[in-house]
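Reminder, nothing fancy here: chain letters follow the sequence lines and each chain counts from 1.
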Amino acid sequence: MSVDGSLSIRVNGEHRRVPGGTSLTEMIYQLGLDPLRVAVERNLQVVPRSKMAEVDVEDGDDYEIVHFVGGG
Amino acid sequence: MTAHRAMSSDSWTVAGRTFTSRLIVGTGKYKSFEENAAAVEASGAEIVTVAVRRVNVSDPTQPRLTDFIDPKRVAYLPNTAGCFTAEDAIRTLRLAREAGGWNLVKLEVLGEAKTLYPNMVETIRATEVLAKEGFEPMVYCTDDPIAAKQLEDAGAVAIMPLGAPIGSGLGLQNLVTIRLIVEGAKVPVLVDAGVGTASDAAEAMELGCDGVLMNTAIAEAKDPVLMARAMKAAVEAGRLAYLAGRMQKRRYADPSSPLAGLI
């Protein structure tokens, strides 16, 4: 954690900072995304949608946020 | 009409879900979401394949597939395209299940980029793991009848052999082995990959396949919506011909008009 209390995390391979005490749901909204339309993996573990609000973002977390795109 | 009755009652079932359309279409390579949606509509498909990819966090306002093709109207079948190991495919599908909320998925574990041929050792391993986790994997595979049986034993809910390499449009190169798989399988068999034009789709259905999955043949046609219509008709025609039972082939001519009463 940094001096200002913000957390250093990675989202889809990119480095980001979020304020301490942010929940996963809040973090997704802050990214401009709808939690109902994405799936999230946190440190290689899928986070069930029903649990997203209960999960607190922690320093050093690595997130993959995915959705459906066109494919064959 | 007998044919009409046969068609209207002709459905197929995979993992307890019953569908009328035997054509599954992909949603990749289209010029626009609008064209994609129109092609899906014209194809009559009740299932579309989709890929699982990272959201663009730098531009979250980009249009999304779900805005154009409603997952409540057309079943989304998430795939593992681009995965070269069982682990990658399993990881992708765990996320897909969370994104979509259902267990029916398309598993493909590729062996190499040049041919996109399936790696069957990894594919069978992934199928076993996924089935244990409650997934219902429809599995892209080689046209090997023994591997097809092994997949079934591992928990595949549908066997989907390639007719030719993905995106090649070469048409079915393996009629004999596809037919052997159809004869041996207790789960639905769908040709996945290789179809280039309508007659290829009809041919797959004439072999007794339960369905056909295609993407590029429609998406890369000059008029994708028209080709989607053609594919719908071809799958239905091939299915009807299979149900009707084709005539035996002869080496020489056999007149269609009576010889008796000839002046």
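A distance-only check finds a donor-acceptor pair linking the side chain of B/Thr80 to the backbone of B/Glu108 [under 3.5 Å]. With A/Thr22 contributing its side chain and A/Val18 its backbone, the two residues share no donor-acceptor pair below 3.5 Å. Proximity of a side-chain donor or acceptor of B/Arg22 to a complementary backbone N or O of B/Val212 within less than 3.5 Å is not detected.
Between B/Thr66 and A/Arg37, the side chains place a donor N or O and an acceptor N or O closer than 3.5 Å (distance only, hydrogens not considered). If you check the side chains of B/Ser58 and B/Asn56, you find a donor sitting under 3.5 Å from an acceptor.
In terms of non-hydrogen atom pairs under 4.5 Å with chain A, the most contact-rich of B/Asn215, B/Asp59, B/Leu77, B/Leu95 is B/Leu95. Counting heavy-atom pairs under 4.5 Å between each of A/Val38, A/Val40, A/Val46, A/Asn12 and chain B puts A/Asn12 at the top. Each of B/Glu98, B/Lys29, B/Arg97, B/Lys106 has some count of heavy-atom pairs under 4.5 Å with chain A, and the biggest count is that of B/Glu98. Chosen from B/Leu65, B/Asn36, B/Val50, B/Ile24, the residue pairing most often with chain A at heavy-atom distances under 4.5 Å is B/Val50. The residue among B/Asn79, B/Val57, B/Val52 with the most heavy atom pairs within less than 4.5 Å of chain A is B/Val57.
Contacts between B/Tyr140 and chain A at a heavy-atom distance below 4.5 Å are absent for every atom of the residue. In this structure, chain A has heavy atoms under 4.5 Å from both the backbone and the side chain of B/Ala96.
For the salt bridge (charged side-chain N to carboxylate O under 4.0 Å, His left out) with A/Glu64, the qualifying choice from B/Arg54, B/Arg94, B/Arg53 is B/Arg54, the only one to do so.
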